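See below for the structure under consideration.
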Amino acid sequence: MGMDYSAIKDWILREDSFDPEKLGKCEAVMSLGNGYLGLRSAAEERYLNETRGLFVAGTFNKFDENEVTELPNAADMTAIKLSVNGEIFSLTEGAMEDYARELNIRTGELKRSVIWTSPKGTKIKAVFYRIVSLKRLHVIAQRVELTPLDADVKIEIKSGINGKMTNTGSQHFSDGDKRFYDKRVIQFVQTTGQSKIDFVDTTVHKLALDGEVLPMEAEVYIERREIFAGYNVEVKAGQTLSIEKYSTVYTTRDLDAEGKTAADLQKLALETARELEALGYQALLEESARQWEEEVWNLAPIEIEGCEMDEFAVHFAQYHLRLMVPAHDARMNIGAKGLSGEGYRGHTFWDTEIFLLPYYIFTDPKTARKLEEYRYLSLPGAHAKAAHNHYKGAMFPWESAWLDDGEVTPEYMDVDILTGKPNKVWSGFIEQHITSDVAFGVWQYSVITGDEDYMEKYGYELIMDTAIFWASRLEKGTSDDNKYHINDVVGPDEYREHVNDNAFTNYMAHWNMQKAMEYYHLLKKEKPEIFARLNEKLNLEEAYPQWENGCANLYLPVPTKENILPQDDRYLSCRDIDLGKYKAQEHVGGITRDYNLEQINQIQVSKQADVLVLFFLLEDIFPQEVKKASWEYYEKRTLHDSSLSLSTHSVLACDMGEMEMAYDLFRKAAAIDLGPFMGSSNAGIHAASFGGVWECVVYGFGGVRMLGGRLRINPSLPEKWTKLSYTIIWKGQKLAVEVTKDEVHVTNLTGTKKVEIEVNGEARIL
Ligand code: IFM
């Protein structure tokens with residue numbers, strides 16, 4: 001009971017029972033969206049344990065000076081209160097039959113149906129449909145069909161805009177202008193408290209009885225922070241009343257709202273409401289479904305033969321990867337929960353560059369460029385962070401929000417189980433590898449797409465500015481090896497705080513400075529005007545010797561004689577404990593209920609992939625025996641308590657030839673949101689894990705990797721799969737790859753340029 005996978009061959013994820021205590025899972029994993037807005041799939045009728053959510057990308061607001069900026073939960077327009085003969089429609093009262101909620105990931109439509117018998121015995125069939133248009137970024141459309149089954153009924157409808165939403169109590173909006181036009185269209189303007197963004201919310205209803213439109217005037221209710229329309233309709237047994245509701249949200253932060261006032265947007269929204277009403281739900285659904293086909297399914301088709309569930313899992317990942325990405329606007333990026341919940345406050349992490357960007361680069365380079373432009377546009381925040389910490393260059397925030405916000409990681413979270421005090425979140429202070437992750441993202445984007453325009457405008461500068469930070473960050477340590485060290489950091493493994501010489505951090509900082517040196521020479525020789533501009537801006541002549549010195553003298557952890565690359569300077573000498581209980585846990589974070597973070601720091605245990613991410617990114621600088629021995633060592637000690645972990649381990653397992661393990665880890669990664677556990681996605685989906693699922697399929701089993709600027713395809717399928725097909729775009733050429741157990745076919749579908757590629761160790765030219 002709960003999640004039902006019986007219709008996945010039709011691209012449908014189902015929920016087959018209703019549990020008012022477990023609403024969060026489907027609200028999040030069945031959420032709808034288009035990258036401009038994200039809508040949790042809370043029911044039309046309201047429940048005590050629901051978490052309704054409507055998030056508009058980039059509209060950050062700070063509730064007060066003690067809280068960090070977050071993506072506010074905008075006014076709700078999807079609730080519809082229904083009464084049948086005076087009894088309120090609610091699945092917690094009376095009885096229900098044939099309940100199902102279905103998300104069609106191919107068309108982006110949500111459907112919910114039930115036969116409900118009221119406590120007094122009135123039986124009614126209710127079907128609810130909903131989309132967020134992929135074609136019209138501001139639009140939500142709903143359709144409700146109500147059919148009394150055995151008696152004539154009077155149906156009362158109360159539906160409108162509820163501006164009382166909060167982010168777990170933080171109210172981000174003022175009350176505002178409320179309007180009722182033509183006795184039909186409802187409008188509400190709310191403004192965020194600190195960032196002063198106006199939200200213009202508009203909604204209109206269309207009622208019909210057995211397809212015949214009812215020309216009804218609404219009764220209007222205006223109250224504090226809400227405005228509603230009310231309708232009363234007599235419906236005979238067997239007749240179907242349909243209620244269509246079209247809603248839009250515009251904000252003064254919209255890219256094309258430049259110079260427009262809330263009043264201009266109100267006018268535009270009113271015109272749009274009339275247009276949507278004329279079009280109707282079905283037409284809106286059809287055009288949006290066509291957009292899904294064009295923009296996602298035809299653009300990046302993936303087929304897996306041999307396991308329907310695995311194919312659905314990767315399509316489900318693609319569905320969410322489209323929902324979460326603000327492809328329309330470079331001033332915003334992807335939040336760790338996409339736009340599906342309040343978790344992580346809408347903030348952007350390294351998740352973008354390392355786990356999500358590869359999907360967009362290889363399938364939709366225009367969108368990938370937007371994500372990369374965001375990092376350039378947010379340089380002011382990175383400079384401010386560096387200056388605040390007495391470093392030079394660009395030190396990227398661990399958590400980012402609006403362009404000039406700088407660091408927005410909250411300072412405290414959770415509780416220390418020993419002291420009972422809140423835990424300090426050290427990531428915002430010392431999880432510094434984000435800076436080289438950003439540089440790495442720039443490099444991957446530029447090499448795979450060949451977008452030299454991006455590099456000239458933004459990319460070279462980003463790589464050099466971040467390298468300037470690293471040169472200023474290196475320390476002469478207390479050790480007498482005369483080397484530079486990077487002390488007191490959190491590496492990717494967030495269970496280890498205040499460590500020195502985290503391998504991932506040091507190697508990536510080294511890579512960053514080395515790349516800057518390489519580009520210094522390239523620009524000087526081949527693009528002197530760009531060199532001159534950047535030299536003027538960043539003083540490259542002064543920076544170069546510092547990079548050279550840094551690269552020559554930065555301590556890079558060396559593998560032990562057993563070929564284990566130490567994660568940091570203490571990991572391998574910490575206590576080994578029996579982790580069996582935590583490895584077998586059903587819910588993540590079990591160890592934090594037995595030990596506090598200081599104690600965990602003394603144990604050889606990892607929350608998530610750390611050294612292994614390094615092998616994944618810089619695969620060709622480590623010998624196979626080091627990768628193999630380290631993979632075995634760390635896999636045993638990694639609890640995968642972060643959703644970013646399983647996919648990396650799976651891809652690496654493919655590289656090690658551990659196919660059974662790779663497949664097992666992939667299935668677990670795919671189950672993070674899609675699986676049957678009903679509590680784990682309440683605060684929102686796990687964005688990076690969806691990128692990770694695609695990486696498992698295309699990088700892991702599909703064998704794709706960009707290594708030192710070259711394209712390599714070394715596929716190897718799991719036992720169960722008979723065929724895998726996918727497409728990737730390499731330097732503007734779309735390649736179709738088909739892998740079976742015995743063969744690899746690569747076809748250049750674009751065919752306008754020669755593509756050099758290495759397949760299973762052999763160099764080929766397409
Ligand atoms: O970026 C991650 C981090 O690696 C682990 N904790 C959650 C963050 C957001 O997904």
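Whatever order the structure lists them in is the order used to number ligands and atoms, beginning at 1. Please read all numbers here as calculations on a predicted model, not as lab measurements.
- A ring-centre distance under 6.0 Å is not found for W398 and F429.
- Contacts of S195 classified as side chain to side chain donor-acceptor pair (under 3.5 Å), with partners at least two apart in sequence or in another chain: N61, T192.
- When the salt bridge (charged side-chain N to carboxylate O under 4.0 Å, His left out) test is applied to D405, no partner is found at least two apart in sequence or on another chain.
- The residues lining ligand 1, counting any heavy atom closer than 4.0 Å, are A336, Y344, F349, W350, D351, W398, E494, K607, Q608, S642, L644.
- Contact detail for N73 and G53: the closest heavy-atom pair is OD1-CA, 3.2 Å.
- Evaluation of the salt bridge (charged side-chain N to carboxylate O under 4.0 Å, His left out) rule for K370 yields no partner, not counting sequence neighbours.
- In terms of heavy-atom proximity, A509 sits nearest to I486 at CB-CD1, 3.8 Å.
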